[in-house]
Amino acid sequence: MNEAWDFPGSRWWKFDFHTHTPRSNDYGRGDESLKNIDATDWLRSAMEAGLDCVVISDHNNGAGIDVLKEAYESLRTSESQPDWFRELTLFSGVEITVADSSSRVHLLAVFDPDCDSKKVTGVLGACGITEGYGDDNYTSTTTGFIDTVRNIREVKGIAIPAHVDGSKGLLQNVNSLTPELAKSLKEVFAAEFCDLHRFDDAEPLLKKAVKRLAKVAGSDAHTPDEIGRYYTWVKMSRPSIEGLSLALQDHEYCVKNQVENPNVLPDIFLSKLTITAMRHCGRISGKPFELSFHPHFNAVIGGRGTGKSTVLESIRIVTRRDRELEVGASRVKAELDRFMKLSQDKGVMESNTEILLEIHRRSMNYRLRWRYDGQGTVLEEEAGSDWPEVESGDLQERFPLSIYSQKQINELASNPKGLLDIIDRSPEVGRREWDSRWESHKSLFLQLRERKRQLLRQLSDEPNLRTKFRDVSNDLQQYEQKGHGEVLRQYQQRSSQLNGIPHNRIFDELARGIQELADGSIWPDFPVHLFDKQDALTAELKAIHAETAEGFEQIAISLRTLAEAVDRLKNERSEKLLSSEWYKAVQASKKAYESLEKEYAEKHSHLSLSLYGDWVRQRNQLQQQLNNLEALRRECNAVEQQIEVSLNDFQALRQELFEKRKRFLETVIGSNTLVRMELVPYGDVSDLESDYRSILNLGQNNFISSICDKESNQGILWDFCNWEELRVPEDNLSEIVSAIKQKTLEIAQGRNSGNHGAFDNRLKKLLEVQPAVFDQLDAWWPEDLLRVRYSRDPRSGRFDDLEKGSAGQKAAAILAFLLSHGTDPLIIDQPEDDLDNALIYDLVVRQIHENKQQRQLIIVTHNPNIVVNGDAELIHVLKFEGGQVNIGQQGGLEESNIRQSICDIMEGGKDAFDKRYRRITLEV
């Protein structure tokens with residue numbers, strides 16, 4: 001893994017703590033030929049085992065150290081390295097046989113990789129071993145266990161009891177803790193175990209004494225093929241005795257005994273931030289500000305004014321996350337707007353300011369760009385040494401990350417609507433997709449309502465049409481009784497029949513509808529941008545997509561064929577009608593009527609047959625109009641049913657959103673001891689009145705007594721606005737909202753007096769000129785209420801409303817939520833503000849450890865507990881020098897200059913280090 005890991009800061013190293021060379025007398029386990037093994041072959045075995053570090057620990061002998069290190073250096077600098085070569089750190093060491101009381105105990109002494117055999121020989125001499133090197137049967141120290149450990153520690157080495165629970169181990173056959181053993185165990189902080197769980201069920205005092213030790217594994221290799229058979233993963237930024245000592249003393253988080261490589265990358269993480277030409281950052285020509293990140297926990301520290309917030313806000317800007325501040329963080333948005341102004345306008349930007357952010361996403365590297373002048377590409381994808389432009393798409397969806405400043409956290413605590421927005425952005429809820437479906441449904445609902453009004457306007461003329469039809473029919477009856485009745489009757493009958501049979505337009509409309517369905521049967525293109533080219537599953541899904549597209553095309557062809565069949569049916573019917581006996585009778589009646597009309601015209605008779613013809617035509621037209629009204633009435637009924645279904649679907653969609661939010665909270669918060677969150681459907685009244693007024697165009701200060709008068713406790717919204725105080729059951733809220741909508745409409749229709757003349761008249765006028773606003777009211781529902789509670793004492797199990805808590809308690813509750821979910825990068829600015837040290841450790845530090853293996857964390861902080869106890873993989877020390885933000889230092893906790901910077905910069909720094917196993921002083 002070490003060849004591929006190219007990130008600054010700490011990482012996990014595969015470590016074999018116990019290996020022998022031919023300089024141990026028992027090497028080869030009886031195979032004498034192995035005692036002549038070449039050093040290169042020994043190194044090859046270690047490298048092919050995938051080890052990063054080994055401890056060379058021969059029995060009471062350090063002579064093998066120099067031989068192996070010389071061979072390794074020759075391999076490392078060779079121009080023709082073998083393909084099995086990999087970097088390997090050789091820790092100098094020795095396995096000392098300690099004569100302690102009546103037993104002989106083996107003790108590993110580990111020294112820095114820079115040490116040679118002289119260091120080992122010196123320690124052996126200090127312990128009384130000056131001969132018998134390589135032997136463990138007869139050679140032993142003249143010093144006891146404790147003095148031997150102290151001799152090792154005095155020269156900056158680490159003492160580790162070898163195979164502590166096995167043969168010649170300090171705890172071999174031990175079942176209880178004696179005072180002498182307690183003293184011995186207190187002198188060390190790590191031990192090599194054969195069985196990691198040997199003392200899980202031991203006597204309590206012994207179990208406690210063992211628990212504080214780092215458990216490490218070593219192969220105790222006496223043959224090449226045994227090297228690396230047992231190992232431990234140790235977290236350090238680079239292999240050194242200081243880094244190893246720090247890791248072993250912080251073994252809960254820095255030591256792992258597992259087969260799997262823990263160097264696992266999150267799905268997405270930020271890798272590098274570059275700022276050019278900002279007022280106080282990267283302004284010097286040719287010297288941009290560059291900050292490389294670790295895939296896991298990054299701590300950004302520095303004194304006041306060193307640019308910590310500049311880093312956070314630059315990431316927010318380049319990732320286009322500033323819009324997220326518009327919901328629930330207006331003050332933070334205002335500050336960011338000032339930050340983004342030109343320096344001449346008291347901002348920090350210059351006309352040529354550029355921010356670049358490199359992001360690793362699913363094994364691909366991308367680069368986001370933001371320029372003040374809006375020039376340049378937005379998104380680029382790494383391709384070798386080039387960065388060609390690619391389609392940016394939805395940046396927030398493609399590159400999810402969360403950024404929170406302390407002020408944002410405070411605003412979230414005072415306005416939980418912002419928390420609901422965070423919940424909705426989660427993949428589990430998927431609010432964006434839900435919004436799309438809601439808007440589509442709402443658009444259909446509004447169209448249905450508008451169509452209903454059109455139909456009702458057309459149907460409203462029915463009484464007038466029926467009156468005209470009766471009058472014309474009476475007039476025709478009089479004409480028919482004055483002679484030529486049979487001709488007139490036949491003409492009337494056949495004309496009515498001709499107008500009454502189904503028209504050919506029914507075929508035309510059906511054929512057109514089918515053709516439109518065929519034209520619309522287009523399968524969407526494959527969403528290439530959502531799939532990686534290298535993903536082996538992409539081809540499979542493309543094939544399924546292509547097969548479905550072909551099926552869609554066959555459906556379209558079938559529909560077009562069906563449309564042609566409708567046209568043929570129309571033509572066949574027309575031909576049959578024109579050749580039918582009935583049509584001949586129609587034509588005969590028409591011909592007889594025309595002859596009669598001509599006869600009356602020639603006689604200049606006062607009997608106006610043309611008037612009769614007009615009446616016939618009028619009656620036929622009126623009949624057709626009445627027939628059309630029946631079709632309109634059926635359509636109106638169908639539309640009304642669709643509207644009812646649509647109104648129910650609104651609530652179904654809201655219920656779906658509620659359930660997704662609820663499941664998310666149950667998964668994320670669950671039984672959290674610091675915070676509880678629960679949802680009340682439709683319970684948020686914070687925007688109730690403003691929404692109601694906005695939809696109905698009522699202004700913000702008009703009709704107070706009619707809408708919601710808080711002083712006189714009246715108005716159409718008053719009960720709902722105060723549902724919690726009135727103890728209205730939560731299950732009744734949707735009914736109350738529906739009642740408000742119904743009452744509003746009834747007032748507008750004049751069916752319910754609001755006893756407020758001006759308000760009533762306004763609604764009536766609105767219904768008359770803008771009836772569609774009442775459709776908007778029916779499509780509106782109040783937001784769900786997110787109720788947040790916190791615990792003053794997590795041990796009590798009692799929770800109070802968040803608004804009753806202190807600033808620290810509020811911040812703790814919000815942080816508990818923000819740190820408890822997600823796998824996308826999380827960036828937080830000074831989360832410790834308003835928190836006491838107990839909350840920082842119990843909440844922030846604990847959840848940092850729970851989160852950082854699955855996501856990247858970038859935390860700007862001035863609290864040493866977060867950096868040290870959170871065990872940051874990479875610390876960025878910022879400084880302001882020469883009018884510019886600079887990186888003072890960058891590295892892991894085991895690096896002395898980083899530890900010194902933490903002590904110098906952060907309040908209470910040394911106390912925080914001393915609190916955890918002398919992590920600053922490193923008394924090894």
Inset, instruction - Find the distance between CZ (Arg29) and OH (Tyr27) and round it off to the nearest 0.5 Å. - result: 9.5 Å
Legend entry - Aromatic ring proximity, centroids under 6.0 angstrom, His296 and Phe7: no
Inset, instruction - May I ask you to say whether Asp200 pairs ionically with Lys211, meaning some side-chain N is under 4.0 Å from a carboxylate O? - result: no
Inset, instruction - State, with a plain yes or no, whether a side-chain heavy atom of Leu43 is found less than 4.5 Å away from one of Leu75. - result: yes
Legend entry - Nearest atoms (heavy-atom pairs only) where Cys53 meets Trp13: SG-CB, 4.1 Å
Legend entry - The single option from Val164, Leu108, Leu213, Ile160 passing side chain to side chain contact (heavy atoms under 4.5 Å, CB included) against Val188: Leu213
Inset, instruction - Please determine, by modelled atom types, if Glu895 and Ser237 share a side-chain donor-acceptor pair under 3.5 angstrom. - result: yes
Legend entry - Polar side-chain atom of Ser820 near backbone of Phe817 as donor-acceptor pair, under 3.5 Å: yes
Legend entry - Distance, nearest 0.5 Å, that separates CD1 of Ile898 from SG of Cys903: 12.0 Å
Inset, instruction - State yes or no: are the ring centers of Phe193 and His197 separated by less than 6.0 Å? - result: no
Inset, instruction - Look at Asp267 together with Arg855 and state whether they make a salt bridge at an N to O cut-off of under 4.0 Å. - result: no
Inset, instruction - Ignoring hydrogens and angles, state whether a donor on the side chain of Asn863 or Thr861 is under 3.5 Å from an acceptor on the partner side chain. - result: no
Legend entry - Inter-residue atom distance Lys119.NZ - Asp112.CG, 0.5 Å rounding: 8.5 Å
Inset, instruction - Spell out, as yes or no, whether a donor-acceptor pair under 3.5 Å connects the side chain of Gln856 to the backbone of Leu270. - result: yes
Inset, instruction - Please report the shortest heavy-atom distance between Thr19 and Ser219, naming the atom on each side. - result: CG2-OG, 3.9 Å
Inset, instruction - Give a yes or no on whether Arg238 atom CZ has more than 12 heavy-atom contacts from other residues, nucleotides or ligands under 6.0 Å away. - result: no
Legend entry - Over 12 non-hydrogen atoms of neighbours within 6.0 angstrom of CG in Asp201: no
Legend entry - Axial cation check for Trp42 ring with Arg44, 6.0 Å and 45° limits: no
Inset, instruction - Compute whether any side-chain donor of one residue and acceptor of the other, for Glu95 and His20, lie under 3.5 angstrom apart. - result: yes
Inset, instruction - Might you confirm whether atom CD of Glu70 has over 12 heavy atoms from other residues, nucleotides or ligands at distances under 6.0 Å? - result: no
Inset, instruction - Using a strict 4.0 Å threshold on nitrogen-to-oxygen distance, state whether Lys215 and Glu192 make a salt bridge. - result: no
Inset, instruction - May I have the step-by-step check of side-chain hydrogen bond (donor to acceptor under 3.5 Å, both in side chains) for Ser896 and Gln900, ending in yes or no? - result: CA-CA 6 Å; Ser896 58; Gln900 187 60 50; over 6 Å; no
Legend entry - Side-chain heavy atoms of Ile422 within contact of Leu818, under 4.5 Å: yes
Inset, instruction - Would you indicate whether Lys35, at its atom NZ, is surrounded by more than 12 heavy atoms from other residues, nucleotides or ligands within a distance under 6.0 Å? - result: yes
Inset, instruction - Ignoring hydrogens and angles, tell me if any N or O in the side chain of Asp116 forms a donor-acceptor pair with the backbone of Asp66 under 3.5 Å. - result: no
Legend entry - Parallel, tilted or perpendicular: ring planes of Tyr253 versus His849, cut at 30 and 60 degrees: parallel
Legend entry - Polar side chain donor-acceptor pair, His360 to Glu382, under 3.5 angstrom: no
Inset, instruction - Enter the distance from Lys156:NZ to Ile158:CD1 here, rounded to the nearest 0.5 Å. - result: 11.5 Å
Inset, instruction - Determine, using ring centers only, whether Phe15 and Phe91 are less than 6.0 Å apart. - result: yes
Inset, instruction - Indicate whether the side chain of His294 and that of Glu873 have a donor and an acceptor atom separated by less than 3.5 Å. - result: no
Legend entry - Salt bridge flag under 4.0 Å for residues Arg663 and Glu666: no
Inset, instruction - Kindly say whether the aromatic ring centers of His876 and Phe293 come within a distance under 6.0 Å. - result: yes
Inset, instruction - Please check if atom OH in Tyr230 has more than 12 non-hydrogen atoms from other residues, nucleotides or ligands closer than 6.0 Å. - result: no
Inset, instruction - Indicate yes or no: at least one non-hydrogen side-chain atom of Pro224 is less than 4.5 angstrom from one of Leu34. - result: yes
Inset, instruction - Apply the test side-chain hydrogen bond (donor to acceptor under 3.5 Å, both in side chains) to residues Asp26 and Ser24: give CA-CA distance (whole Å), side-chain angles for both, the deciding distance (0.1 Å), then the verdict. - result: CA-CA 6 Å; Asp26 59 353; Ser24 290; 4.6 Å; no
Inset, instruction - Compute the centroid of each ring, for His222 and then for His59, and state whether the two points are separated by less than 6.0 Å. - result: yes
Legend entry - Minimal non-hydrogen separation, His821 against Asn851, with atom names: O-OD1, 4.4 Å
Legend entry - Closest approach of Gly822 to Gln854 (non-hydrogen atoms, all atoms of both residues): O-NE2, 3.7 Å
Inset, instruction - Supply the atom-to-atom distance Asp829 CG to Ile858 CD1, rounded to the nearest 0.5 angstrom. - result: 12.0 Å
Inset, instruction - Check whether any side-chain heavy atom of Val120 lies under 4.5 Å from a side-chain heavy atom of Asn61, and answer yes or no. - result: no
Inset, instruction - Check whether any side-chain heavy atom of Phe269 sits under 4.5 Å from a side-chain heavy atom of Ile359, and report yes or no. - result: no
Legend entry - Flag for Thr77-Glu73: side-chain donor and acceptor within less than 3.5 Å: no
Legend entry - Electrostatic pair Asp871-Lys235, nearest N-O below 4.0 angstrom: yes
Legend entry - Donor-acceptor pair between Lys69 and Ser92 side chains, under 3.5 angstrom: yes
Inset, instruction - Could you go through the salt bridge (Lys or Arg N to Asp or Glu O under 4.0 Å) check for Asp52 and Arg11 one step at a time? - result: CA-CA 11 Å; Asp52 299 311; Arg11 51 152 292 195; 3.1 Å; yes
Inset, instruction - Look at Arg362 together with Asp535 and state whether they make a salt bridge at an N to O cut-off of under 4.0 Å. - result: no
Inset, instruction - Look up atom CG in Leu401 and atom CZ in Arg316, then write down how far apart they are to the nearest 0.5 Å. - result: 9.5 Å
Inset, instruction - Test Val210 against Leu171 for side-chain contact (heavy atoms from CB on, under 4.5 Å), laying out the working first. - result: CA-CA 10 Å; Val210 171; Leu171 300 179; 3.9 Å; yes
Inset, instruction - Give the C-alpha distance, both sets of side-chain angles, the deciding distance and a yes or no for salt bridge (Lys or Arg N to Asp or Glu O under 4.0 Å) between Glu381 and Arg367. - result: CA-CA 6 Å; Glu381 180 180 314; Arg367 185 165 65 188; over 6 Å; no
Inset, instruction - Might you confirm whether atom CZ of Arg321 has over 12 heavy atoms from other residues, nucleotides or ligands at distances under 6.0 Å? - result: yes
Inset, instruction - Using a 4.5 Å cut-off on heavy atoms from C-beta on, say whether the side chain of Val94 contacts that of Val123. - result: no
